[in-house]
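Remember, predicted model here, so these are calculated numbers, not experimental data. For the single chain, residues carry numbers from 1 onward in sequence order.
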Amino acid sequence: VEATLKKVIWKNRAGQVCDTELVKGMTSFFQKYKSSSIFYLDCDGILIFERKDSRKTLVLCELKSNYDTTKIYKAYKQILSSCIKFRLLLNLLPSYRAEEWDVKGFIFSKPKPSKDKLLRDLSKKFQLSRDDDNRKGVELATKLWNKSPMPLGITPGECREVNELPLGER
């Protein structure tokens, strides 16, 4: 029997849970206009926290049942897509100031793979083209595996699907 991860509990935090339907509802818009398929993906959870210094933090969460490299890369794309769509919605608010917001993405999974499995995946990676999602999945999962937890900054250029979009440097 494979264990699954179905729930994450945030303790000692005062924040607002956002209905993910806000972001999921935008998917049909992107499908109608035949946008990149990355915009068809959504994350499992969205929270907003406001700190005492008035800075706000958008937290995007994705749950995966195991640390399969393909699933981890898909989770990365789900968080990225949800972040872009949620920020599009925030831009509709007159009081929204992007510089007042921090964005954090969390991928929760279990269990972490053995070093042998990760090495097998790495050896396969070098047989794939640079644009192959499986290769990108192994590269991302390897970064995350080496340090836990590890902050991983993402810029638009690091994700092939959004590389050409005018998203700025953050």
Residue pair [X] / [Y]: nearest heavy atoms and the distance that separates them:
{"X": "K64", "Y": "A75", "answer": "CE-CB, 3.6 Å"}
{"X": "L47", "Y": "V17", "answer": "CD2-CG2, 3.9 Å"}
{"X": "I84", "Y": "F39", "answer": "CG2-CE2, 3.7 Å"}

N/O donor-acceptor pair under 3.5 Å between [X] side chain and [Y] backbone:
{"X": "K85", "Y": "L41", "result": "yes"}
{"X": "S82", "Y": "I79", "result": "no"}
{"X": "R55", "Y": "E99", "result": "yes"}
{"X": "Q78", "Y": "D42", "result": "yes"}

Item checked: Residues K71 and S65: side-chain donor-acceptor under 3.5 angstrom ->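 No donor-acceptor contact under 3.5 Å links the two side chains.
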Margin query: Under the criterion side-chain contact (heavy atoms from CB on, under 4.5 Å), I'd like the reasoning laid out for S81 against I38: C-alpha separation, chi angles, the key distance, then a yes or no.
Written below: CA-CA 6 Å; S81 173; I38 190 171; 4.2 Å; yes
Check: Do other residues, nucleotides or ligands put more than 12 heavy atoms under 6.0 Å from the NZ atom of K56?
Finding: yes
Check: Going through the distances and angles, do F86 and M26 end up as a side-chain contact (heavy atoms from CB on, under 4.5 Å)?
Finding: CA-CA 9 Å; F86 200 80; M26 296 178 72; over 6 Å; no
Check: CZ of R97 to CG of N91: how many Å apart, nearest 0.5 Å?
Finding: 10.5 Å
Check: How many angstroms lie between CD in E62 and CD1 in I72, if you round to the nearest 0.5 Å?
Finding: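 These two atoms lie 9.0 Å from each other.
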Notebook entry, point to check: Once the angle between the rings of F108 and F106 is folded into 0 to 90°, is it parallel (under 30°), tilted (30 to 60°) or perpendicular (over 60°)?
Noted result: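 Correct class here is parallel.
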Next item on the list: Test D44 against T20 for side-chain contact (heavy atoms from CB on, under 4.5 Å), laying out the working first.
Entry: CA-CA 7 Å; D44 291 327; T20 56; over 6 Å; no
Margin query: Check this for me: does any side-chain nitrogen of one of D53 and R51 sit under 4.0 Å from a carboxylate oxygen of the other?
Written below: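 Between R51 and D53 there is a salt bridge, with a charged N closer than 4.0 Å to a carboxylate O.
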